[in-house]
Amino acid sequence: MAALCISFLFQLFFCLVFSLPTGRNSICGYKSCPATNPSMLNVHLVPHTHDDVGWLKTVDQYFYGDRNNIQHAGVQYILDSVIDQLQKDPARRFIYVETAFFYRWWKQQSQSTQRIVTQLVNEGRLEFINGGWCMSDEATTHYSAVIDQMTLGLRFLNDTFGECGRPRVAWHIDPFGHAREHASIFAQMGYDGFFFGRLDYQDKARRMKTKEMEMLWRASESLTPPVADLFTGVLPNGYNPPEGFCWDQSCDDAPIRDDPDLEDYNVDEIVQLFVNTSYKQAAFYKTNHIIMTMGSDFQYENANLWYKNMDKLIKYVNALQAKGSKVNVLYSTPSCYLQELNLANFTWPLKTDDFFPYADAAHDFWTGYFTSRPALKLYERLSNSRLQTCNQLEVLGGPKSTSGPFGEGDSDTMKRAMGVAQHHDAVSGTEKQHVAYDYARRLATGWAHCEILVRNSLAVLSGSEAPRVFCENLNISVCPLTESSHKFSMNVYNPLGRTVSWPVRLPVNGSAYNVTDSTGKTVESQVVPLSKSTKEVRRNRGYAKGELVFQVEAPPLGYSTYIISMHKDEPQASSAKPTATRSIQNKFLKVTFDDTTGLLSSLTNLETNQTIRLTQNFYWYNASVGNTESPQTSGAYIFRPNSSDPLVINKTAEIQIVTLSNTVQEVTQWFSPWVSQVVRLYEGRKELELEWTVGPVPVADGLGKEVITRLETDIKSSDYFYTDSNGREVLERRKDYRPTWDLKQTEPVAGNYYPINSRAYIKASVVQPITSALFASWDDKHQLTVVTDRSQGASSLYNGSLEIMLHRRLLHDDFRGVGEPLSEPGEFSDGLVVRGHLLLTLTPPDTAADVHRPLAQGMVLQPLLSFQDGTPSANTKLQFSGLQADLPPAVHLLTLSQWDKDLVLVRLEHQYEAKESKTYSQPVTVNLQKLFSTLKVLGASEMSLGANQWKEDMNRLQWNPEKTSKPLPLSAKDPSPGEVTLNPMEIRTFLLRVQQL
């Protein structure tokens with residue numbers, strides 16, 4: 001049975017609810033694979049289409065085949081045509097990847113067509129690969145959103161086709177670099193292998209020479225092997241067919257003309273070319289099996305062209321076997337190819353790093369998209385937070401949350417919108433402008449559906465059905481209710497499994513307010529003036545004169561209510577003034593400024609008595625427009641500055657406002673009309689906040705600009721720095737170095753950029769043996785960590801420095817297909833203005849994770865604020881928690897989502913790496929029976945990470961690595977039924993049968 005299963009009857013009940021039968025005659029999966037010839041070179045032809053869930057056209061336009069003047073592509077016709085052709089020959093195969101498209105198509109089909117498709121799936125002739133809602137980007141996505149979009153797609157396939165709909169292979173043929181955390185996620189979801197198309201051109205050349213195009217990827221340093229081990233293969237031609245063998249209507253290659261009585265008979269020519277191509281490819285791989293991807297972007301709209309020629313190719317190539325040929329061609333799938341590699345029982349090279357950054361030529365590094373479309377990247381991240389809140393409140397509020405006093409609400413619309421947003425041409429920022437608008441519109445529509453659900457749920461939990469509003473523009477100090485009301489209440493919902501405190505800033509027009517919490521206790525508050533940049537950005541959309549600042553606290557998975565009433569409405573006489581200041585500080589941190597330049601000069605941790613020199617400024621790289629060495633320009637994908645030295649925006653910062661109060665201390669810095677920053681220390685907080693505002697980026701000078709902020713310290717980092725992988729485990733980086741091969745660096749800036757999803761840091765490093773003299777001068781106690789609010793590109797190009805790219809505005813396309821410059825017009829068509837936050841912590845390295853782990857989780861899952869005018873009624877419940885108590889500090893509630901009427905999906909995660917924290921990098925146990933305050937757990941069963949298999953049924957293929965790393969200690973086990981033990985970096989997934997209390 002599963003590790004936690006209350007009873008056999010309950011497990012049986014789950015199985016009946018969760019999985020549809022595949023039918024008696026199902027021979028899908030590995031059982032459906034065609035026979036191969038062990039004495040020959042077996043060439044696996046894999047018919048496929050790569051259907052971007054938005055890129056040059058929107059999702060809807062791609063599905064229907066609209067706006068073909070942009071790109072000829074119609075997904076509905078592809079599926080229509082493929083299903084028709086598969087029925088004509090049982091040997092034919094096809095794989096499909098993007099569930100978002102297949103879901104749409106399936107809903108439109110007749111029952112007879114659905115029966116035909118189900119039979120094709122049950123016989124392994126139509127096979128789903130990857131299976132997520134989209135093929136997600138790997139650089140700019142957060143792991144929680146990746147898991148959600150995979151779960152969404154996998155559940156549809158399981159509900160529709162049962163076990164035969166379960167993908168065995170992950171397939172990321174187009175993403176522009178590959179993250180280790182993605183491989184770990186795929187392994188934990190039960191995938192047997194992973195194939196991709198793009199890797200660095202130097203890495204590929206080396207692997208081809210050494211026959212290391214296929215390997216075992218050890219994707220976690222914390223999880224005990226083989227939990228996160230994943231067999232990984234690099235496809236030979238990206239995801240395209242070999243040259244000369246593309247038979248789509250969009251291709252120009254010659255068809256096989258096999259009638260000798262007609263002109264241009266070419267069978268012998270085509271066959272010989274194919275045999276030669278096969279042997280050439282086989283020279284780079286270890287076994288007598290090779291794979292050929294027969295398809296490409298939006299191909300197979302007329303599938304007959306493909307299958308008719310592939311049928312002939314197989315026939316005529318295999319006919320040569322009678323004359324001694326050793327080439328055997330067959331229709332196949334990635335899983336059938338994978339099975340043959342596994343049966344070969346070879347040993348495989350072991351990889352432990354990742355595949356970033358990716359370059360396809362000497363001056364063509366795909367590192368610009370780490371930052372492209374920064375506003376969309378933030379909106380996607382905030383939408384993820386809102387989706388988790390929506391999912392949680394659907395469970396906590398019960399049935400009335402989806403059908404209550406405020407109407408019909410749902411979380412499904414938001415799930416689908418977020419699923420599409422993870423696509424590798426969505427959150428990546430590599431789509432056309434009109435498509436970016438469409439992604440944002442979908443997220444807004446999803447939130448509109450969730451808003452109703454949240455209103456209903458909070459009405460149920462609080463007992464108040466008074467109208468509730470959400471202020472979408474608080475980042476620019478606009479909220480009509482708080483600006484106009486003299487008395488209102490604010491609900492603070494906390495989606496984290498621990499009590500949080502959070503600084504709140506509300507646009508107001510009074511000079512003093514009385515703020516009380518849910519117990520009636522007065523909360524210290526302060527009205528501070530608006531910055532000049534905020535006044536300019538909002539452009540008459542609000543009329544607030546200041547911001548009311550105070551700290552809120554909310555219980556785990558619950559809310560607190562704050563009542564705010566105006567105390568004075570006369571014009572404020574603030575203590576804020578434009579004056580010079582040498583420092584600001586709170587209980588934990590002290591920040592100093594240079595009197596001459598107005599820039600930061602030092603940061604001190606008052607708790608640990610640490611001080612570092614810290615300067616910070618803003619720069620821009622002049623985007624290359626190509627030169628005689630290479631025509632490559634900077635664009636949506638590519639980062640190519642024309643110089644390694646960026647231009648400083650201003651060597652000094654004008655100090656415009658200094659606010660010194662018990663609630664917050666902040667300094668506003670003005671660098672130029674298009675760059676400003678607020679340096680902020682909130683009372684009781686251990687991080688320094690930098691709120692930057694950049695834009696509209698000027699381009700009247702004809703120069704594209706890639707804007708960065710650079711932090712410079714006296715930390716001796718020795719060219720080492722550290723970045724997170726999709727928001728989870730951290731990887732060590734080193735300037736001008738790759739762990740896998742001897743790098744020939746050709747782009748000293750772009751070639752050292754890496755994606756960060758939630759954090760990056762530098763710390764003291766020693767690269768030579770420690771002598772007594774060196775030890776005496778070596779200071780190893782400092783780690784500077786930067787937590788971000790969205791995915792960005794980052795690097796450390798100088799000892800003790802860390803730079804982060806914030807914004808990009810370019811004037812040229814980079815010739816990678818998008819066909820337009822990355823120059824976002826913004827709301828007023830004069831260029832996009834972007835605002836964001838960086839949180840800085842200074843700690844000893846051995847305690848750094850204790851601070852940055854919860855800080856990053858709090859940035860990803862932010863409290864949701866909602867407002868009601870007036871005073872709450874006497875019977876309103878002002879505070880609520882969905883948990884009986886705070887979760888242990890190492891435990892994160894990753895998922896709480898309604899699965900079915902009485903079924904709830906729960907994921908618990910250990911958020912620390914092994915050996916990362918002396919305090920928290922230990923196994924920790926949680927009792928599911930004592931977890932929730934309003935739900936009684938009647939039974940539980942453990943599942944794979946993707947929630948499409950019972951954990952006990954996961955039986956992955958096993959692989960032999962050529963070398964093994966140092967073994968990790970065995971994982972701790974569950975002490976008793978009902979108790980769940982989490983080891984460092986472990987995520988465990990459960991279906992709970994619950995009853996509302």
- prompt: Taking it one step at a time, do Ile147 and Tyr143 satisfy side-chain contact (heavy atoms from CB on, under 4.5 Å)?
  reply: CA-CA 6 Å; Ile147 292 171; Tyr143 73 96; 4.1 Å; yes
Aromatic ring proximity [X]/[Y], centre distance under 6.0 Å:
{"X": "Trp217", "Y": "Phe355", "result": "yes"}
{"X": "Phe274", "Y": "Phe245", "result": "yes"}
{"X": "Trp247", "Y": "Tyr307", "result": "no"}
{"X": "Trp105", "Y": "Phe102", "result": "yes"}
{"X": "Tyr239", "Y": "Phe196", "result": "no"}
{"X": "Phe161", "Y": "Phe128", "result": "yes"}

Any donor and acceptor pair, going by atom type alone, linking the side chain of [X] with main-chain N or O of [Y] inside 3.5 Å?
{"X": "Asn318", "Y": "Val329", "result": "yes"}
{"X": "Glu127", "Y": "Arg125", "result": "no"}
{"X": "Arg956", "Y": "Gly193", "result": "no"}
{"X": "Gln71", "Y": "Ala73", "result": "no"}
{"X": "Arg166", "Y": "Asn948", "result": "no"}
{"X": "Asp900", "Y": "Asp902", "result": "no"}
{"X": "Asp253", "Y": "Cys246", "result": "yes"}
{"X": "Ser32", "Y": "Gly29", "result": "yes"}
{"X": "Gln61", "Y": "Thr58", "result": "yes"}

- request: Answer yes when Lys415 and Asp410 have at least one side-chain N-carboxylate O distance shorter than 4.0 Å, and no when they do not.
  value: no
message: Within the 4.5 Å heavy-atom criterion, are Val43 and Ile291 side-chain neighbours or not?
response: no
query: Side-chain contact, heavy-atom cut-off 4.5 Å: Pro47 with Trp306?
result: no
Is it true that the side chains of [X] and [Y] contain a donor and an acceptor less than 3.5 Å apart?
{"X": "Thr895", "Y": "Ser897", "result": "no"}
{"X": "Asn42", "Y": "Glu340", "result": "no"}
{"X": "Asp148", "Y": "Gln388", "result": "yes"}
{"X": "Ser144", "Y": "Asn384", "result": "yes"}
{"X": "Thr287", "Y": "His289", "result": "no"}
{"X": "Gln188", "Y": "Ser184", "result": "yes"}
{"X": "Lys326", "Y": "Asn37", "result": "no"}
{"X": "Tyr300", "Y": "Asp51", "result": "no"}

statement: Checking Glu181, His182, Arg180 against Asn726 for side-chain hydrogen bond (donor to acceptor under 3.5 Å, both in side chains), the one that qualifies is His182
- prompt: Pick one: which of His172, Arg198, Glu138 meets side-chain hydrogen bond (donor to acceptor under 3.5 Å, both in side chains) with His178?
  reply: Glu138
Ring geometry between His424 and His50 (parallel below 30°, tilted from 30 to 60°, perpendicular above 60°): parallel
- prompt: When the ring planes of Trp348 and Trp959 are compared, do they come out parallel, tilted or perpendicular, using 30° and 60° as the limits?
  reply: perpendicular
Minimum heavy-atom distance between [X] and [Y], given as atom pair plus value:
{"X": "Gln149", "Y": "Ser136", "value": "NE2-CB, 3.6 Å"}
{"X": "Val234", "Y": "Met215", "value": "CG2-CE, 4.0 Å"}
{"X": "Ser81", "Y": "Glu301", "value": "CB-O, 3.4 Å"}
{"X": "Ser411", "Y": "Glu394", "value": "OG-OE1, 2.8 Å"}

query: side-chain hydrogen bond (donor to acceptor under 3.5 Å, both in side chains) between Thr160 and Arg155: does it pass, once the steps are laid out?
result: CA-CA 8 Å; Thr160 307; Arg155 183 179 185 187; over 6 Å; no
field: ring pair (Phe, Tyr, Trp, His ring centres under 6.0 Å) against Phe63, all qualifying residues, sequence neighbours excluded
entry: none
query: For Asp974 and Arg988, what are the C-alpha separation, side-chain angles and deciding distance, and is it a salt bridge (charged side-chain N to carboxylate O under 4.0 Å, His left out)?
result: CA-CA 12 Å; Asp974 297 338; Arg988 297 184 65 178; 2.6 Å; yes
Residue pair Asp60, Arg442: steps toward the salt bridge (charged side-chain N to carboxylate O under 4.0 Å, His left out) verdict: CA-CA 11 Å; Asp60 293 346; Arg442 290 174 186 279; 3.0 Å; yes
- request: Assess whether atom OH of Tyr30 is packed by more than 12 heavy atoms of other residues, nucleotides or ligands within 6.0 Å.
  value: yes
task: Give the intermediate values and the outcome of salt bridge (charged side-chain N to carboxylate O under 4.0 Å, His left out) for residues Glu163 and Arg168.
output: CA-CA 11 Å; Glu163 175 63 15; Arg168 272 74 172 171; 3.2 Å; yes
- request: Answer yes or no for Arg993 and Trp899: cation-pi contact, defined as NZ/CZ to six-membered ring centre under 6.0 Å and angle to ring axis within 45°.
  value: no
query: Does Lys286 make a cation-pi contact with Phe284, if we ask for NZ or CZ under 6.0 Å from the ring centre and within 45° of the axis?
result: no
- request: Test side-chain contact (heavy atoms from CB on, under 4.5 Å) on Tyr96 and Ile129 and set out the steps.
  value: CA-CA 6 Å; Tyr96 200 73; Ile129 298 294; over 6 Å; no
query: Passes salt bridge (charged side-chain N to carboxylate O under 4.0 Å, His left out), Asp258 versus Lys315? Steps please.
result: CA-CA 11 Å; Asp258 57 346; Lys315 173 184 175 181; 5.4 Å; no
